[in-house]
There are 2 protein chains.
Amino acid sequence: MSDATAGLTPEELGAYFALVEVANLLQYAVDGHLRAEGDLSYLQFQILATLNDAPGGRLRMTDLADGLVHSRSGLTYQAGLLDKRGLITRSPSPDDERSVMVTVTDAGRALVGRVLPGHVADVRRLLLDPLADGDLATLNDVLGRVRRHMRATPPRSARPRARRKS
Amino acid sequence: MSDATAGLTPEELGAYFALVEVANLLQYAVDGHLRAEGDLSYLQFQILATLNDAPGGRLRMTDLADGLVHSRSGLTYQAGLLDKRGLITRSPSPDDERSVMVTVTDAGRALVGRVLPGHVADVRRLLLDPLADGDLATLNDVLGRVRRHMRATPPRSARPRARRKS
DNA sequence: TATTGTTATACTCTATAACTATA
DNA sequence: TATAGTTATAGAGTATAACAATA
């Protein structure tokens with residue numbers, strides 16, 4: 001993509017670009033499917049699926065935000081949309097009156113179940129099929145390591161707002 | 001992220017999620033830096049960098065669009081912003097009067113040169129540093145294969161509009 | 001005082017379709 | 001007729017800051 005070569009070897013550059021492009025193409029395709037099948041953005045699907053896996057299908061807003069969204073108002077906005085469609089409900093937490101518990105409804109679970117087969121098929125077709133034996137384990141190993149590294153070195157803007165002044 | 005497990009093994013799921021998350025965290029961090037340093041979105045940087053590498057620093061709109069953008073109006077919009085800032089110029093192509101040639105200006109090249117060191121540093125710190133010996137070659141091999149596969153099976157919506165009726 | 005979440009507001013970006021001009 | 005690009009318009013999403021309520 002440029003003299004981005006400046007300071008990066010062609011091999012480093014290639015890995016960087018390939019990673020970004022593969023992830024983008026994958027998300028674009030999957031997002032299109034989710035919208036067509038369930039009128040869901042990728043983010044909305046992630047929210048529903050995360051809740052779907054959580055014990056009791058419920059999570060605090062703050063816990064739900066982790067990793068999914070960059071600003072809290074963004075989550076409030078998306079939750080509002082899902083709430084309006086009856087896919088989740090929100091209620092004050094019994095423990096901490098400041099918190100809001102988000103819960104997937106039956107309709108929400110049903111919708112996740114409905115889009116999942118196609119979603120999985122997309123992922124398999126685009127990402128998994130071209131992998132050779134052993135590639136999967138390698139990707140898990142390498143990307144897992146990178147992910148742990150990145151989580152340990154979060155970009156300033158992704159830090160919980162609690163940390164802003166501390 | 002859910003019963004997305006349905007149809008995917010934990011290993012497949014892990015690779016999928018790790019890929020998406022790593023790419024997202026990387027792009028988010030890099031995008032933040034580009035905005036802070038050069039008031040550029042990642043897409044704008046890609047456009048400038050692509051032109052910067054092209055022979056003569058110039059490309060047709062159509063050729064520039066390839067892979068960078070999903071709709072043509074999107075490129076027109078972004079090019080308009082870059083043009084307004086004096087980072088590129090647009091002029092009708094001599095060969096084909098329908099085409100528009102986009103050219104990086106000196107200011108555009110200077111800006112790319114200015115943000116590049118920090119950009120490269122980000123990529124190195126977040127993605128490259130945690131890699132072990134051989135990981136780079138592996139990533140290039142595997143992701144390169146996936147990329148070729150994806151390009152050969154483009155999502156319907158990313159297809160050139162020329163193909164819509166054919 | 002710090003934390004949780006919402007709201008108001010403004011802005012960026014994207015997409016669709018209609019349109020112009022050239023091939 | 002098909003292609004290249006622009007524009008109008010409208011909608012989706014995001015971020016910042018101000019806010020209310022609870023800890």
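Just so it is clear: chains get the letters A, B, ... in the order the sequence lines come, proteins before strands, and each one is counted from 1. As the structure is a computational prediction, the values presented were derived from the model and not from experiment.
Remark: A:Arg114 pairs with no residue by the side chain to side chain donor-acceptor pair (under 3.5 Å) rule, at least two apart or across chains. With sequence neighbours excluded, the residues that form a side chain to side chain contact (heavy atoms under 4.5 Å, CB included) with A:Arg147 are A:Arg151, B:Phe17, B:Ala18, B:Glu21, B:Val22. Annotation: side chain to side chain contact (heavy atoms under 4.5 Å, CB included) contacts of A:Arg98 (sequence neighbours excluded): A:Asp96. For B:Asp63, the side chain to side chain contact (heavy atoms under 4.5 Å, CB included) partners two or more places apart in sequence, or in a different chain, are B:Leu59, B:Arg60. Annotation: side chain to side chain contact (heavy atoms under 4.5 Å, CB included) contacts of B:Thr103 (sequence neighbours excluded): B:Arg58, B:Thr89.
A:Leu34 has its CG atom 12 Å from the P atom of D:dG13, to the nearest Å. Residue B:Asp63 contributes atom CG, which lies 15 Å from atom P of D:dT3 at whole-angstrom precision. Spacing between atom CZ of A:Arg60 and atom P of D:dA23 amounts to 12 Å, rounded to whole angstrom units. Across the protein-nucleic acid pair, A:Gln78 atom CD and D:dA15 atom P stand 11 Å apart, rounded to whole Å. When rounded to the nearest whole Å, the span between CG of B:Leu64 and P of D:dT6 equals 11 Å. Rounded to whole Å, the distance from CD on A:Gln46 to P on D:dG13 is 13 Å. If you measure from atom CZ of B:Arg72 to atom P of C:dA18, you get 18 Å, rounded to the nearest angstrom. In this entry the distance linking OH of B:Tyr77 with P of C:dT12 reads 6 Å, nearest Å.
Inter-residue side-chain proximity for A:Leu51 and A:Val102 is flagged as met; some heavy-atom pair is nearer than 4.5 Å.
Near DNA chain C, meaning a heavy atom under 4.0 Å from it, residues 81-91 of chain A has A:Arg90 in order of number. Shown for residues 92-103 of chain B: residues whose heavy atoms fall under 4.0 angstrom of DNA chain C, namely B:Asp96, B:Glu97, B:Arg98.
In terms of phosphate contacts, B:Tyr28 brings a side-chain nitrogen or oxygen within less than 4.0 Å of OP1 or OP2 of D:dA15.
The salt bridge (Lys or Arg N to Asp or Glu O under 4.0 Å) contacts involving residues 22-37 of chain B comprise B:Asp31-B:Arg35, where partners must be two or more places apart or lie in separate chains. Within the structure, every pair that satisfies the salt bridge (Lys or Arg N to Asp or Glu O under 4.0 Å) test and touches residues 74-83 of chain A, not counting sequence neighbours, is listed here: A:Asp83-A:Arg90.
For the pair A:Arg35 and B:Ala79, both in contact range of DNA chain D, the more 5′-proximal nearest nucleotide belongs to B:Ala79.
Taking both residues in full, the closest heavy atoms of A:Asp122 and A:His33 are given as OD2-CB, 3.1 Å, listed atom of the first, atom of the second, then distance.
When distances run from any side-chain atom of B:Ser73 to the nucleotides C:dA15, D:dA15, D:dG13, the shortest one goes to C:dA15.
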